[in-house]
Amino acid sequence: MPHFDLPLDQLRQYRPDLPEPEDFDAFWEKTLASAREHDLDARFEPVDTPLASVDVFDVTFAGFGGHPVKGWLLLPAGAREPLPAVVEYIGYGGGRGLPHERLLWSAAGFAHFIMDTRGQGSGGSVGDTPDPVGSAPAYPGFLTRGVEDPHAYYYRRVFTDAVRAVEAVRAHPLVDAARVAAVGDSQGGGITLAVGGLVPDLAAISPNVPFLCDFPRAATLTARPPYREIGLYLRARRGSEDQVFRTLAYFDGVHFAARGRAPALFSAALEDETCPPSTVFAAFNAYTGSERSMEVYRFNDHEGGGVFFHDVQLRWLPGHMGN
């Protein structure tokens with residue numbers, strides 16, 4: 001498919017004027033403070049698996065509202081000293097899957113925490129975390145659940161879970177709490193950006209073709225899901241447009257990027273119609289961390305760099321983790 005978005009030289013300069021809620025920081029401070037009123041109650045149950053290279057733990061911790069959230073913790077087999085850790089967030093529709101699906105980071109010597117995404121895990125890798133919170137009418141999918149009220153919006157719960165996941169992995173005795181990074185592809189990349197803006201002392205972040213950025217442009221530029229869910233919702237909910245985009249502004253990766261501090265490695269694909277490159281560059285260009293770099297895949301769609309980008313991550317991350 002030919003390129004459909006801005007030329008690369010314009011992408012590198014693209015900085016949309018996105019209205020930011022005046023109470024953005026207060027909203028998230030109150031949200032996280034409310035979550036922390038619940039005991040984190042991080043539990044790590046050993047799992048007997050046929051995997052010889054990793055020790056596997058079935059993890060449960062208290063996320064938004066104190067709701068139990070699942071995850072996996074994979075440690076290099078026989079680890080005895082605290083390790084740097086990678087917290088991974090999953091793409092749209094997927095859950096934490098099975099332990100053997102994600103062995104990359106533990107094979108590289110990291111503790112690897114994979115967070116389940118509440119309510120997901122039936123459209124890809126399997127999930128085990130329900131979302132017990134109801135919502136107003138929504139278009140099928142997750143992107144418009146509760147979208148007319150930022151307090152009720154689905155991603156308020158997910159982003160809170162994601163911050164608590166960092167706190168959970170830091171509670172494990174074989175994790176070096178000072179050396180924790182966040183990574184994720186697509187939706188996982190958008191969650192990574194949110195965590196990077198909400199957790200000030202991460203060692204590094206790496207959002208790969210991130211979703212949940214520059215909602216106003218994404219909703220009108222691409223006909224693909226998940227962003228298309230916004231337009232289809234508004235097709236039925238006439239008159240709700242202003243409120244929907246006011247809500248989404250509290251969850252836009254561009255605003256979280258403006259608060260990021262950790263070194264960051266991004267990626268974008270110039271034929272990506274799922275997460276258009278201009279939306280990714282909007283977050284990248286807003287990023288205020290001490291170091292940022294972008295891998296560009298000119299002739300790829302939403303697969304982005306795939307395993308080639310993972311190779312870049314494997315070479316980049318150790319230098320930011322004190323390895």
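- Atom CZ of Phe211 sits about 11.0 Å away from atom CG of Asp272, to the nearest 0.5 Å.
- Between the CG atom in Leu51 and the CG atom in Leu98 there is a gap of 10.0 Å [rounded to 0.5 Å].
- Here the OG1-CZ distance, from Thr129 to Arg96, works out to 6.5 Å after rounding to the nearest 0.5 Å.
- Taking CZ from Arg235 and CZ from Arg238, the interatomic distance works out to 9.0 Å, rounded to the nearest 0.5 Å.
- When the side chains of ILVMFWY residues are joined at heavy-atom separations under 4.5 Å, either directly or via intervening members, Ile191 and Phe27 end up in a single hydrophobic cluster.
- In plain terms, the two heavy atoms of Pro19 and Asp17 that are nearest each other are CD-O, 3.6 Å.
- Panel note: side chain Asp176, backbone Pro84; no donor-acceptor pair is recorded below 3.5 Å.
- Residues satisfying the salt bridge (charged side-chain N to carboxylate O under 4.0 Å, His left out) test with Asp131, not counting sequence neighbours, are Arg118, Arg157.
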For Lys30 and Asp23, run salt bridge (charged side-chain N to carboxylate O under 4.0 Å, His left out): C-alpha distance rounded to whole Å, both residues' side-chain angles, the deciding distance at 0.1 Å, then the answer. CA-CA 10 Å; Lys30 291 177 182 178; Asp23 65 339; over 6 Å; no
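- Closest approach of Ala204 to Trp316, counting heavy atoms only: CB-CH2, 3.7 Å.
- Linking Ile, Leu, Val, Met, Phe, Trp and Tyr whenever their side-chain heavy atoms come within less than 4.5 Å puts Leu248 and Tyr227 in one cluster.
- Residue Thr60 forms a side-chain hydrogen bond (donor to acceptor under 3.5 Å, both in side chains) with just one option from Lys70, Glu45, Arg43, and that option is Lys70.
- Checked by atom type and distance alone, the side chain of Thr247 pairs as donor or acceptor with a backbone atom of Val147 at under 3.5 Å.
- Counting only N and O atoms by type, the side chains of Thr274 and Arg224 include a donor and acceptor under 3.5 Å apart.
- For the pair Thr222 (side chain) and Glu273 (backbone), a donor-acceptor distance under 3.5 Å is present.
- You'll find the ring centres of Tyr153 and Tyr250 outside the 6.0 Å limit.
- Taking OG of Ser290 as the reference point, atom NE2 of His320 lies at 7.5 Å (rounded to 0.5 Å).
- Using a 4.5 Å cut-off on side-chain heavy atoms (C-beta onward), Tyr89 and Val158 make no contact.
- Atom CD of Gln243 has more than 12 neighbouring heavy atoms from other residues, nucleotides or ligands inside a 6.0 Å radius.
- Between Val133 and Arg145, every side-chain heavy-atom pair lies at or beyond the 4.5 Å cut-off.
- Here the two rings, on Phe113 and His172, have centers that are 6.0 Å apart or farther.
- Under the 4.5 Å side-chain heavy-atom criterion for Ile, Leu, Val, Met, Phe, Trp and Tyr, Phe215 and Val209 are members of distinct hydrophobic clusters.
- Counting only distance, with no hydrogens or angles, the side chain of Ser106 and the backbone of Leu75 share no donor-acceptor pair below 3.5 Å.
- Side-chain contact between Leu317 and Ser206 is absent, with no heavy-atom pair separated by less than 4.5 Å.
- Among residue pairs with one or both ends in residues 252-284, those qualifying as ring pair (Phe, Tyr, Trp, His ring centres under 6.0 Å) are Phe24-His255, Phe24-Phe256, Trp28-Phe256, Phe159-Phe256, Phe266-Phe284, Phe266-Tyr287; sequence neighbours excluded.
- Side-chain contact between Leu143 and Leu212: present, with at least one pair of heavy atoms (C-beta onward) separated by less than 4.5 Å.
- Looking at Met115 and Glu88, their side chains never come closer than 4.5 Å, going by heavy atoms from C-beta outward.
- For the pair Ala77 and Asp55, the tightest heavy-atom approach, listed with the atom from each and the gap, is CA-OD2, 3.6 Å.
- Under a 3.5 Å cut-off, the side chain of Arg80 and the backbone N or O of Gly78 do form a donor-acceptor pair.
- Here the side chains of Ser34 and Thr160 are not in contact, with every heavy-atom distance at 4.5 Å or above.
- Looking at Ser186 and His302, their side chains do bring a donor and an acceptor atom within 3.5 Å of each other.
- Among Leu11, Asn300, Val280, Leu6, the single residue meeting the side chain to side chain contact (heavy atoms under 4.5 Å, CB included) criterion with Leu270 is Leu11.
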Applying side chain to side chain contact (heavy atoms under 4.5 Å, CB included), run through His310 and Asp185 and close with a yes or a no. CA-CA 10 Å; His310 296 157; Asp185 301 344; 3.9 Å; yes
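- The two residues Ile90 and Ile114 make their nearest non-hydrogen contact at CD1-CG2, 3.7 Å.
- Considering only heavy atoms from C-beta on, Thr192 stays 4.5 Å or farther from Pro210 through its side chain.
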If you apply the rule side chain to side chain contact (heavy atoms under 4.5 Å, CB included), what do you find for Arg237 with Val244, and how did you get there? CA-CA 10 Å; Arg237 306 284 292 182; Val244 164; over 6 Å; no
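- A salt bridge does not link Arg170 to Glu167: none of the charged nitrogens lies less than 4.0 Å from a carboxylate oxygen.
- Leu174 contributes atom CG, which lies 8.5 Å from atom CD of Glu81 (distance to the nearest 0.5 angstrom).
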Before you tell me yes or no, could you show the steps for Arg217 and Leu18 under side chain to side chain contact (heavy atoms under 4.5 Å, CB included), namely the whole-Å CA-CA distance, both residues' side-chain angles and the distance that decides it to 0.1 Å? CA-CA 10 Å; Arg217 181 170 176 82; Leu18 296 177; over 6 Å; no
Could you give me the CA-CA distance, side-chain angles and deciding distance for Leu265 and Gln313, then say whether side chain to side chain contact (heavy atoms under 4.5 Å, CB included) is met? CA-CA 8 Å; Leu265 172 66; Gln313 288 177 308; 4.0 Å; yes
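- Side chain of Asp116 to main chain of Asp128: a donor-acceptor pair is present (N/O by atom type, distance under 3.5 Å, no hydrogens or angles).
- Hydrophobic clustering keeps Trp72 apart from Leu104 (ILVMFWY residues linked when any side-chain heavy atoms are closer than 4.5 Å, directly or through intermediates).
- Residues satisfying the salt bridge (charged side-chain N to carboxylate O under 4.0 Å, His left out) criterion with Arg12, sequence neighbours excluded, are absent altogether.
- When hydrophobic clusters are built by joining Ile, Leu, Val, Met, Phe, Trp and Tyr residues whose side-chain heavy atoms come closer than 4.5 Å, directly or via intermediates, Trp105 is not grouped with Leu103.
- Ion pair Asp149/Arg156 not flagged as a salt bridge, since none of the NZ, NE, NH1 or NH2 atoms sits closer than 4.0 Å to an Asp/Glu carboxylate oxygen.
- Annotation for Phe142 and Gly93: closest pair CE1-CA, 4.3 Å, computed over non-hydrogen atoms.
- Using a 4.5 Å heavy-atom threshold, the side chains of Pro277 and Tyr14 count as separate.
- The main-chain N or O of Ser278 is found under 3.5 Å from a side-chain atom of Asp5 such that the two form a donor-acceptor pair.
- When every heavy atom of Pro82 is checked against every heavy atom of Val175, the shortest pair comes out as CB-C, 4.0 Å.
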